[in-house]
2 protein chains.
Amino acid sequence: MENFSQTEENYLKAIFKLSERDDKPASTNAIAGEMSTSAASVTDMLRRLAEKGLIHYEKYRGVALTEKGSKLATGLIRKHRLWEVFLLEKLRFSWDEVQDMAEQLEHIQSPELVERLDDYLGRPKFDPHGDPIPDADGNFTFRKQVFLSALNPGEAGAVVGVNDHSPAFLQYLDRIGIKLGAHLSIAERFDYDESVRVLLGEANEQVLSKKVSQNLFIQKF
Amino acid sequence: MENFSQTEENYLKAIFKLSERDDKPASTNAIAGEMSTSAASVTDMLRRLAEKGLIHYEKYRGVALTEKGSKLATGLIRKHRLWEVFLLEKLRFSWDEVQDMAEQLEHIQSPELVERLDDYLGRPKFDPHGDPIPDADGNFTFRKQVFLSALNPGEAGAVVGVNDHSPAFLQYLDRIGIKLGAHLSIAERFDYDESVRVLLGEANEQVLSKKVSQNLFIQKF
DNA sequence: TACAATTTTTAGATTGGTCTAAAAATATTT
DNA sequence: AAATATTTTTAGACCAATCTAAAAATTGTA
Ligand SMILES: [Mn+2]
Ligand SMILES: [Mn+2]
Ligand SMILES: [Mn+2]
Ligand SMILES: [Mn+2]
């Protein structure tokens with residue numbers, strides 16, 4: 001397999017993420033936003049990625065990954081998430097600290113290393129944020145989950161993932177005692193601001209804002 | 001601390017290695033050889049590195065690292081060797097496989113990661129090839145060692161390092177049963193081709209070529 | 001449907017890293 | 001010391017990745 005630059009790889013990941021989000025071609029502007037770069041730079045790069053057969057690109061029409069591009073992006077996500085597990089499980093970093101390091105580690109080129117790492121970590125299926133880790137063939141484990149905001153009073157479930165990966169949000173969750181696997185049930189929903197009162201575990205009651213409830217993935221019991 | 005490109009970092013390492021080897025300024029050609037690039041490219045890069053205060057550079061006079069450049073190079077070597085230990089000890093790679101991966105991993109930017117990794121590995125003082133791992137302050141553990149070729153018949157010691165890091169040499173050592181820590185003594189020296197007959201451990205006798213004996217570091221008993 | 005707003009692309013420039021070929025400086029040999 | 005060989009630098013070019021400003025295309029609205 002050819003090698004690609006870290007920049008090219010980051011573009012592929014960005015396009016993958018955007019297509020996954022909306023399930024339609026990613027726009028130049030959206031990619032520019034995701035990559036914190038100018039639209040002009042994106043157009044340049046799209047031309048190059050198309051030339052290398054990594055994306056389908058028609059001027060003004062947005063872009064989608066080709067099979068090849070998709071395989072590559074999935075591989076990057078696999079590496080990113082495995083390294084996150086390593087940093088958390090083995091080096092004892094917390095879930096709000098791993099992003100920047102994984103962002104670099106995902107570009108290490110060595111198929112053998114990825115497989116050994118996967119083995120060493122016990123072939124985890126999810127990363128520290130609850131995101132699925134694709135297997136070596138690029139298959140994601142699917143999990144039935146809903147936003148906390150979609151639960152009705154009386155319903156209960158386990159926290160299985162976060163939608164917002166920002167350190168600020170993750171640290172907030174640490175602070176109020178919510179971590180992956182935590183059990184909770186909806187005690188009350190306030191129409192006023194769409195906040196919810198939840199019972200966490202046995203005896204910990206908290207009111208969570210609408211924003212928070214829209215960023216927590218719950219697997220219903 | 002500013003960040004430098006992987007290329008700049010690799011140049012610093014090359015210069016460090018060359019200065020260490022001869023203890024005098026590194027020449028443009030020597031660096032070009034080390035980096036597998038043209039002398040013209042090296043001259044270009046030297047100008048840039050000098051501008052950034054990483055090297056002392058006078059046209060036609062060769063180059064030496066500044067304090068700043070030396071600190072940086074030492075940090076890279078620290079990372080490189082720690083990652084090698086990780087790959088060997090944790091991921092079970094062999095000593096002839098780790099070079100390429102460590103060459104990439106050494107560029108991961110995160111001081112915290114290095115320290116955690118060091119901790120995780122039990123603060124090793126030497127890497128899988130017997131090379132000393134500098135501590136966080138850049139201090140190398142010094143070890144009294146000689147080339148096997150410098151030993152006389154009757155003398156004995158332990159193999160503590162290799163001078164040649166090529167997979168071919170390391171695989172050869174694996175093949176004839178020499179690994180770090182192995183005990184050996186000189187049974188006989190042949191003037192004809194400067195090869196030596198050594199006793200390895202209890203009962204394993206081998207004749208080693210001049211070339212091999214010049215690439216093994218021995219700590220005398 | 002025409003005009004305005006927005007998005008996207010193009011044009012032209014810059015920086016880092018590389019190359020080959022030629023010129024200049026240094027080192028070696030006679 | 002002069003001639004020759006070697007090393008190093010310069011000149012000029014190329015590619016990847018980026019930028020700003022301007023032009024072109026598309027989309028939304030009156
Ligand atoms: Mn990345
Ligand atoms: Mn994650
Ligand atoms: Mn390297
Ligand atoms: Mn080593």
Side-chain angles (χ1 to χ4, degrees), chain A residues 1-15 18-19 21-22 24-65 69 72-73 76 103-104 106-107 109, chain B residues 1-15 18-19 21-22 24-65 69 72-73 76 103-104 106-107 109:
Chain A
M1 230 327 159
E2 314 138 81
N3 280 11
F4 300 94
S5 73
Q6 299 204 179
T7 310
E8 289 170 324
E9 292 191 338
N10 285 334
Y11 270 96
L12 290 179
K13 266 207 333 173
I15 296 166
L18 290 166
S19 318
R21 188 142 72 215
D22 311 344
K24 60 173 192 253
S27 74
T28 300
N29 256 6
I31 297 167
E34 194 68 37
M35 297 290 297
S36 306
T37 189
S38 72
S41 300
V42 172
T43 303
D44 264 16
M45 180 56 93
L46 294 184
R47 213 182 1 75
R48 280 196 297 273
L49 293 178
E51 217 143 79
K52 296 185 181 182
L54 296 166
I55 58 171
H56 296 294
Y57 172 48
E58 269 183 288
K59 284 206 268 186
Y60 296 101
R61 286 286 104 101
V63 341
L65 295 175
L72 238 138
L76 287 162
E103 204 53 57
Q104 299 176 63
E106 70 191 358
H107 302 291
Q109 306 276 6
Chain B
M1 209 12 126
E2 314 137 80
N3 280 11
F4 299 94
S5 74
Q6 300 204 181
T7 310
E8 289 170 324
E9 292 192 337
N10 285 333
Y11 269 97
L12 291 179
K13 266 205 335 172
I15 296 166
L18 290 167
S19 317
R21 187 142 73 214
D22 310 344
K24 60 173 192 256
S27 74
T28 299
N29 255 7
I31 297 166
E34 195 68 38
M35 297 290 297
S36 306
T37 189
S38 72
S41 300
V42 173
T43 304
D44 263 14
M45 179 56 93
L46 294 184
R47 211 180 5 75
R48 279 197 297 274
L49 292 177
E51 217 144 78
K52 296 185 181 184
L54 296 166
I55 57 172
H56 296 295
Y57 172 48
E58 268 183 288
K59 283 205 270 188
Y60 295 102
R61 286 286 104 100
V63 348
L65 295 175
L72 239 138
L76 287 162
E103 204 53 57
Q104 299 176 61
E106 70 190 0
H107 303 290
Q109 307 276 6

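FYI, side chains are in, hydrogens and waters are out, and symmetry mates aren't considered; it's all heavy atoms of this structure. Letters A, B, ... are given to chains in the order of the sequence lines, protein chains preceding strands, and every chain is numbered from 1.
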Given [N], is OP1 or OP2 found less than 4.0 Å from the side-chain N or O atoms of [X]?
X     : N      : answer
B:Y11 : C:dT18 : yes
A:S5  : D:dA17 : yes
A:Y57 : C:dT9  : yes
A:K59 : C:dT10 : yes
A:S27 : C:dT7  : no
B:S38 : C:dC19 : yes
B:R48 : C:dG17 : yes
B:S41 : C:dG17 : no

> Taking NZ, NE, NH1 and NH2 as the nitrogens, is one of them in B:E8 or B:K52 under 4.0 Å from a carboxylate oxygen of the other?
Replying inline: yes
In this structure, how many angstroms lie between the [atom2] atom of [N] and the [atom1] atom of [X], rounded?
X     : N      : atom1 : atom2 : answer
A:E8  : D:dA16 : CD    : P     : 8 Å
A:I31 : C:dT9  : CD1   : C1'   : 14 Å
A:K52 : D:dC15 : NZ    : C1'   : 10 Å
B:D44 : D:dG12 : CG    : P     : 14 Å
B:E9  : C:dG16 : CD    : P     : 16 Å

Would you compute the distance between atom [atom1] of [X] and atom [atom2] of [Y] and round it to the nearest 0.5 angstrom?
X      : Y     : atom1 : atom2 : value
B:E106 : B:K13 : CD    : NZ    : 3.5 Å
A:I55  : A:I31 : CD1   : CD1   : 7.0 Å
A:H107 : A:E9  : NE2   : CD    : 6.0 Å

Tell me which nucleotide among [options] gets nearest to the side chain of [X].
X     : options                : answer
B:T28 : D:dA17, D:dA25, D:dT8  : D:dT8
A:A39 : D:dT9, C:dA27, C:dT8   : C:dT8
B:A40 : C:dA21, C:dG17, D:dA17 : C:dA21
A:N29 : D:dA21, C:dG17, C:dT7  : C:dT7

> Got A:L54 and A:I15 here, is their nearest side-chain heavy-atom distance under 4.5 Å?
Replying inline: no
